[in-house]
Amino acid sequence: GENVEQHPSTLSVQEGDSAVIKCTYSDSASNYFPWYKQELGKRPQLIIDIRSNVGEKKDQRIAVTLNKTAKHFSLHITETQPEDSAVYFCAATSSNFGNEKLTFGTGTRLTIIP
Amino acid sequence: DAGITQSPRHKVTETGTPVTLRCHQTENHRYMYWYRQDPGHGLRLIHYSYGVKDTDKGEVSDGYSVSRSKTEDFLLTLESATSSQTSVYFCAIRGQPTYEQYFGPGTRLTVT
């Protein structure tokens, strides 16, 4: 099955700087890669996703890039703000005859230093 | 929040007792999922459903069973709870034809 590795496990950046979180996946058939943000005590929230036919996608201060050849994808947050502090999870599909299942990375705790 | 609720939101139970968690959705989505979240492990899939009475195992299904007798409800049962099943349990839904999954508020289960 699919295996997703996520790095780093913790990341601290100065407010206003950029943050980058990286994930690798093992199944070359995976074709959907979402990112979730989870604040303390809350549910994971989908913040951005990318499909395998696209190399990059942006939504305001966040962007995701995908390199299918190398089987890795990254989350980029620019001009970080205190409200960006949270745990971020990447995920990839594991296709099973149309019943796609997500496999998640182990998470990155992002702390924005004021 | 995609019309997903979970009950109970918190539960403390003793080892060996049966426990059932409920996920309820109001938007007629076909796919429903149960995950557990533990420190250092992220979110791991327990079971999922792709329709009424259609379910399949995820990566950590041992000790858990599920049932889906109607579209809106997906039940997760721990037949005989163990301390290793202390966790936060999230339900999620996905509509077709998208892959996007949306999570419920979670249930914090403590097995003593």
Side-chain angles (χ1 to χ4, degrees), chain A residues 1-10 21 23-27 29-54 57 59 64 66 86-109, chain B residues 1-7 9-10 21 23 25 29-61 66 68 74 87-108:
Chain A
E2 177 67 277
N3 182 51
V4 176
E5 295 191 356
Q6 183 172 347
H7 299 282
S9 57
T10 60
I21 303 170
C23 290
T24 60
Y25 61 98
S26 60
D27 187 351
S30 288
N31 58 0
Y32 174 67
F33 307 91
W35 286 88
Y36 287 82
K37 175 183 180 182
Q38 187 177 28
E39 297 175 348
L40 188 62
K42 301 290 182 63
R43 73 187 79 189
Q45 298 269 18
L46 179 66
I47 57 171
I48 196 168
D49 56 14
I50 191 167
R51 300 181 194 281
S52 59
N53 58 347
V54 175
K57 183 177 179 181
D59 183 2
V64 57
L66 172 65
V87 178
Y88 292 81
F89 293 96
C90 64
T93 58
S94 177
S95 187
N96 180 23
F97 300 105
N99 295 325
E100 286 78 12
K101 300 179 288 186
L102 285 177
T103 300
F104 284 82
T106 52
T108 296
R109 182 175 300 279
Chain B
D1 292 325
I4 312 167
T5 57
Q6 292 184 230
S7 59
R9 294 293 314 280
H10 302 272
L21 309 183
C23 178
Q25 56 132 339
H29 291 294
R30 176 182 177 188
Y31 293 90
M32 299 183 76
Y33 305 81
W34 277 108
Y35 294 89
R36 60 178 290 174
Q37 185 174 39
D38 305 288
H41 290 280
L43 291 145
R44 293 181 292 174
L45 182 65
I46 305 171
H47 282 281
Y48 68 103
S49 171
Y50 46 97
V52 173
K53 292 186 168 55
D54 291 324
T55 65
D56 204 352
K57 296 179 179 180
E59 64 177 303
V60 290
S61 59
V66 290
R68 192 166 178 203
F74 191 31
S87 187
V88 179
Y89 291 85
F90 286 100
C91 172
I93 58 91
R94 172 166 84 85
Q96 285 188 298
T98 73
Y99 292 155
E100 298 165 5
Q101 289 190 24
Y102 297 94
F103 285 84
T107 294
R108 183 172 295 277

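Convention: sequence-line order gives letters A, B, ...; per-chain numbering from 1.
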Problem set entry | Inter-residue atom distance A/K101.NZ - B/Y50.OH, 0.5 Å rounding | 10.5 Å
Exercise. Is there side-chain contact between B/E100 and A/Y32, with heavy atoms separated by less than 4.5 Å?
Worked result: yes
For this session: Could you pull out all residues at least two apart from A/Y36 that satisfy ring pair (Phe, Tyr, Trp, His ring centres under 6.0 Å)?
Result: A/F104, B/F103
Seminar exercise, completed: Whatever's closer than 4.5 Å to a heavy atom in chain A on B/F90 counts as side chain
Exercise. Does CZ in B/R44 sit with more than 12 non-hydrogen atoms of other residues, nucleotides or ligands closer than 6.0 Å?
Worked result: yes
Exercise. In Å and rounded to the nearest 0.5 Å, what is the OG1 to CG distance from A/T103 to B/L43?
Worked result: 11.0 Å
For this session: Flag the pair B/Y35 / A/L102 as yes when at least one side-chain heavy-atom distance between them is below 4.5 Å, and no otherwise.
Result: yes
For this session: With a 4.5 angstrom heavy-atom cut-off, could you sort out which part of A/P44 is near chain B: side chain, backbone, both or neither?
Result: both
Seminar exercise, completed: The interface call for A/Q38 against chain B, heavy-atom contacts under 4.5 Å, is side chain
Problem set entry | A/L46 versus chain B, the contacting section by heavy-atom distance below 4.5 Å | side chain
For this session: Any chance you could measure A/N3, atom CG, to B/E59, atom CD, to the nearest 0.5 Å?
Result: 9.5 Å
For this session: Search all heavy atoms of A/R43 against all heavy atoms of B/G104 and return the closest pair with its distance.
Result: CB-O, 3.2 Å
Exercise. Taking everything shown except A/R109 itself, do over 12 heavy atoms lie less than 6.0 Å from its CZ?
Worked result: no
